[in-house]
4 protein chains.
Amino acid sequence: MAILTAARELLAEAGYAELTIEAIAARAGVGKQTIYRWWRGKGAIILDALMETGDNVEPLPDSGDLRADLVAVVRATVAELADPRLSATTRALTIETLSNDELAEQVRDRVLRPQMEAIKDRLRTGPLRPEINLDQAVELLIGPPYHRWMLRTGPLTDEYADGVVDLALAAFQK
Amino acid sequence: MAILTAARELLAEAGYAELTIEAIAARAGVGKQTIYRWWRGKGAIILDALMETGDNVEPLPDSGDLRADLVAVVRATVAELADPRLSATTRALTIETLSNDELAEQVRDRVLRPQMEAIKDRLRTGPLRPEINLDQAVELLIGPPYHRWMLRTGPLTDEYADGVVDLALAAFQK
Amino acid sequence: MAILTAARELLAEAGYAELTIEAIAARAGVGKQTIYRWWRGKGAIILDALMETGDNVEPLPDSGDLRADLVAVVRATVAELADPRLSATTRALTIETLSNDELAEQVRDRVLRPQMEAIKDRLRTGPLRPEINLDQAVELLIGPPYHRWMLRTGPLTDEYADGVVDLALAAFQK
Amino acid sequence: MAILTAARELLAEAGYAELTIEAIAARAGVGKQTIYRWWRGKGAIILDALMETGDNVEPLPDSGDLRADLVAVVRATVAELADPRLSATTRALTIETLSNDELAEQVRDRVLRPQMEAIKDRLRTGPLRPEINLDQAVELLIGPPYHRWMLRTGPLTDEYADGVVDLALAAFQK
DNA sequence: GTTTAATCGAGACGGTACGTCCAGTCTTATG
DNA sequence: CATAAGACTGGACGTACCGTCTCGATTAAAC
């Protein structure tokens, strides 16, 4: 879809500040009305743009080595956040989410939940203390990188990702 | 300062969407120029509004009971995030931060670092495994609630705060 | 024709401002394309709507009393202009005419000329000074009411109509 | 005033169809809001543009020769109507007037009445039949040229102007 | 005690984007 | 096969704010 592509390009090139409906329409060669016909606003466009990129959430592999499996997924997440062009869409979506409750729900249900469920599924099989709350367990893996990314409190490297996994595992496992 | 009060009130009453420089000026009974004379933009105002509220970061108490001390601080953090009126300013600041690198640095240095340092200081004395990276340890306590708050993936209650602390402690301590 | 009826109704009910092609199509239960297939634009529709009303111009009666015959036709004209609902179509057509030369020619030839010719025909037989230019004579009867209607400079009553005729006759006759 | 000049130029160059608020703003180097701050809409701008041109209505001269005095004023009126560039503003104002009652009143009071009063004043002194209604008398001079201009039913020349005056005088005078 | 300078409120200004409406064209599916 | 339905590009609408820029009026300092 030309509109979603235009939105992604604008975000990658110039950031959220220059992502205007008019700019999207102009770049996509489309009338503004067409955009408003199909999307409620900028937030909805960004969400669809993100989903279309097809990070189609796949179940985590179960290699038998929990740490290895988690390292893979956390490294991937951290790497995406670390690349400004890749994370531009996520950043924009986060902004919209913060002042749009309806959008926030959709993002939660369509983007976040599937990702978190995929990790939960892997955690369920991997050996960990039975009393662990899986929701909180997932947040232990995702929350810290997200926090660091948003607030730029530290580097987002593979080593960091590994450290996050190790800490989390120490919490999960007996 | 009338301007910062006006900003806080507008955020509490109507949210970020209606926080405009003109609205702040009107409510504070001030000319727009006066605002621009002292602040670079909306973000700087919000930052000052937040800091003025005087959550002057104090060192965490050291009761000898690490869990109790951490529960206190995490519960307080979670409670503030859970209250829409209290967290409105933080929310607005987060939005600005996401599209303003300069502001992001200031927020990191003036708001976040002190809070995280305070927790780090307590962690340094409380008994935990020596190889723990303190920055990551703090993120383990703060990141998950922040993530949950921003993305509304679950309730922000005292029980949740306690769970976060327990998980983190399991990671820190041998 | 449903389309012309719809146009007339819209004009009578809401005036030129709300006469849009889309409104006409919607009210007539017709696709926009069907309208464009048969008419060049709004102006052409209004013209046809006006003509269909069938003020089929008839020759003026020649009762032998020139004043009586002219009073009849001028009163009728003035009465139609005085009624907002009746003159709505004429008003709309005038607007279109003013910014559409092609339409202006058609209006002149299909609407105006016949009406003026009818009056001219009666003037030819009625006793008047031979050197009178008939075109100007007709304008002397029609121009003032039209001017008064368009610019709302005075009432449009039967008495007024009679006054117009009397003045004109004073000019025509020796 | 740059805005009124821009409006006049656009009308002279391209006609009413291209007289948009945005075009006026662009040509005048002005924000749209500035226009809306001072004028209610296109009609009000055109009215002011017309008035600024300073056709400051002056009393008709009284040379003692009524025909000569009227010929002068009617010729001038007809000449202005005949020149497309000069009459573009009047044409545009007429269009607006036709679908804007409020504006119509202003045009009547600020533009038309003074012009008509000036002619009435001259008619009052010039020798004419006492029972003549002066309002209708003026319309007899102005209405026909206006009608001919709007509906393009004939040429607008000096000879025509003279003919109008002669017919009117025949009506006025004994 | 008067003059001068700085600061303030108020709000006009040139701009940019908003979200809506319609024009006129093009596409689809229905009868 | 023409039609209604309506999506499409395009462009103007009138509004909201942005950040800059005059304006007087009010204070405070300097003389």
Side-chain angles (χ1 to χ4, degrees), chain A residues 1-3 6 10 16-45, chain B residues 2-3 6 10 16-45, chain C residues 2-3 6 10 16-45 96 100, chain D residues 1-3 6 10 16-45:
Chain A
M1 176 52 115
I3 290 168
L10 284 167
Y16 180 75
E18 301 194 14
L19 184 77
T20 65
I21 298 280
E22 298 203 332
I24 296 172
R27 179 179 285 240
V30 140
K32 280 201 286 178
Q33 198 57 240
T34 301
I35 294 181
Y36 285 109
R37 197 167 3 247
W38 298 102
W39 289 277
R40 277 183 153 280
K42 242 187 300 192
I45 299 172
Chain B
I3 290 169
L10 284 167
Y16 180 74
E18 302 194 13
L19 185 77
T20 66
I21 298 282
E22 297 199 336
I24 296 171
R27 179 178 286 238
V30 138
K32 283 202 286 177
Q33 198 56 245
T34 304
I35 294 182
Y36 283 108
R37 196 165 5 248
W38 295 17
W39 287 278
R40 276 184 151 282
K42 242 188 301 194
I45 300 173
Chain C
I3 290 168
L10 285 167
Y16 180 74
E18 302 193 14
L19 184 77
T20 65
I21 298 281
E22 297 196 337
I24 295 171
R27 178 179 285 238
V30 138
K32 282 204 286 177
Q33 198 56 245
T34 304
I35 293 181
Y36 284 108
R37 201 175 347 261
W38 296 24
W39 287 277
R40 277 185 151 282
K42 242 190 299 194
I45 300 173
E96 288 288 328
N100 183 338
Chain D
M1 177 52 117
I3 290 168
L10 285 167
Y16 180 75
E18 301 194 15
L19 185 77
T20 66
I21 297 282
E22 298 203 333
I24 296 172
R27 179 179 285 238
V30 139
K32 280 201 284 178
Q33 198 57 239
T34 300
I35 294 181
Y36 285 109
R37 199 170 358 250
W38 298 102
W39 289 276
R40 276 182 155 283
K42 243 187 299 193
I45 299 172

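Below, chain A is the first sequence line, B the second, and so on; all start at residue 1. As the structure is a prediction and not an experimental result, all values here were calculated from the model. Below, all heavy atoms of this structure are taken into account, side chains as well, without hydrogens, waters or symmetry copies.
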What is the separation between atom [atom1] on [X] and atom [atom2] on [N], rounded to the nearest whole Å?
| X | N | atom1 | atom2 | result |
| --- | --- | --- | --- | --- |
| Ile35(A) | dC8(F) | CD1 | P | 11 Å |
| Arg40(D) | dC13(F) | CZ | P | 17 Å |
| Asn100(C) | dG24(E) | CG | C1' | 15 Å |
| Trp39(A) | dA7(F) | CH2 | C1' | 13 Å |
| Ile3(A) | dT9(F) | CD1 | C1' | 11 Å |
| Ile24(C) | dA4(F) | CD1 | C1' | 16 Å |
| Ile21(B) | dG9(E) | CD1 | P | 14 Å |

Counting side-chain heavy atoms from C-beta on, which of [options] comes nearest to [X]?
| X | options | value |
| --- | --- | --- |
| Tyr36(A) | dA12(E), dT20(E), dG19(F) | dT20(E) |
| Lys32(C) | dG19(F), dC18(E), dT25(E) | dT25(E) |
| Lys42(D) | dC18(E), dC18(F), dC13(F) | dC13(F) |
| Glu22(D) | dC26(E), dA12(F), dA23(E) | dA12(F) |
| Gln33(A) | dC18(E), dC22(E), dC17(F) | dC22(E) |

Residue whose nearest DNA chain F nucleotide is more 5′ - Leu19(D) or Trp38(C):
Trp38(C)
Identify, between Gly29(C) and Gly31(A), the residue whose nearest nucleotide on DNA chain F lies closer to the 5' end.
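Final value for this comparison: Gly29(C).
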Might you point out which heavy atoms bring [X] and [Y] nearest each other, and give the distance in Å?
| X | Y | value |
| --- | --- | --- |
| Leu19(A) | Lys42(A) | O-CD, 3.0 Å |
| Glu18(B) | Ala23(B) | O-CB, 4.0 Å |
| Gly31(D) | Ala25(D) | C-CB, 4.3 Å |

Please classify the nucleic acid contact of Thr34(A) as base, sugar-phosphate, or nothing, using heavy-atom distances under 4.0 Å.
base
Select base, sugar-phosphate, or nothing to describe what Gly41(A) touches, counting heavy atoms under 4.0 Å on all strands.
nothing
Nearest-nucleotide 5' precedence on DNA chain E, Ala23(C) against Val30(D)
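Looking at DNA chain E, the more 5' nearest nucleotide goes with Val30(D).
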Side chain to side chain, Ile35(A) and Lys32(A), heavy atoms closer than 4.5 Å:
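No; the side chains remain at least 4.5 Å from each other.
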Using the side-chain contact (heavy atoms from CB on, under 4.5 Å) definition, which of the options Ile24(C), Ile3(C), Ile21(C) pairs with Trp39(C)?
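It is Ile3(C), the one option of Ile24(C), Ile3(C), Ile21(C) that forms the side-chain contact (heavy atoms from CB on, under 4.5 Å) with Trp39(C).
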At less than 4.0 Å, is any side-chain N or O atom of Arg37(A) found next to OP1 or OP2 of dC8(F)? Yes or no.
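Result: yes.
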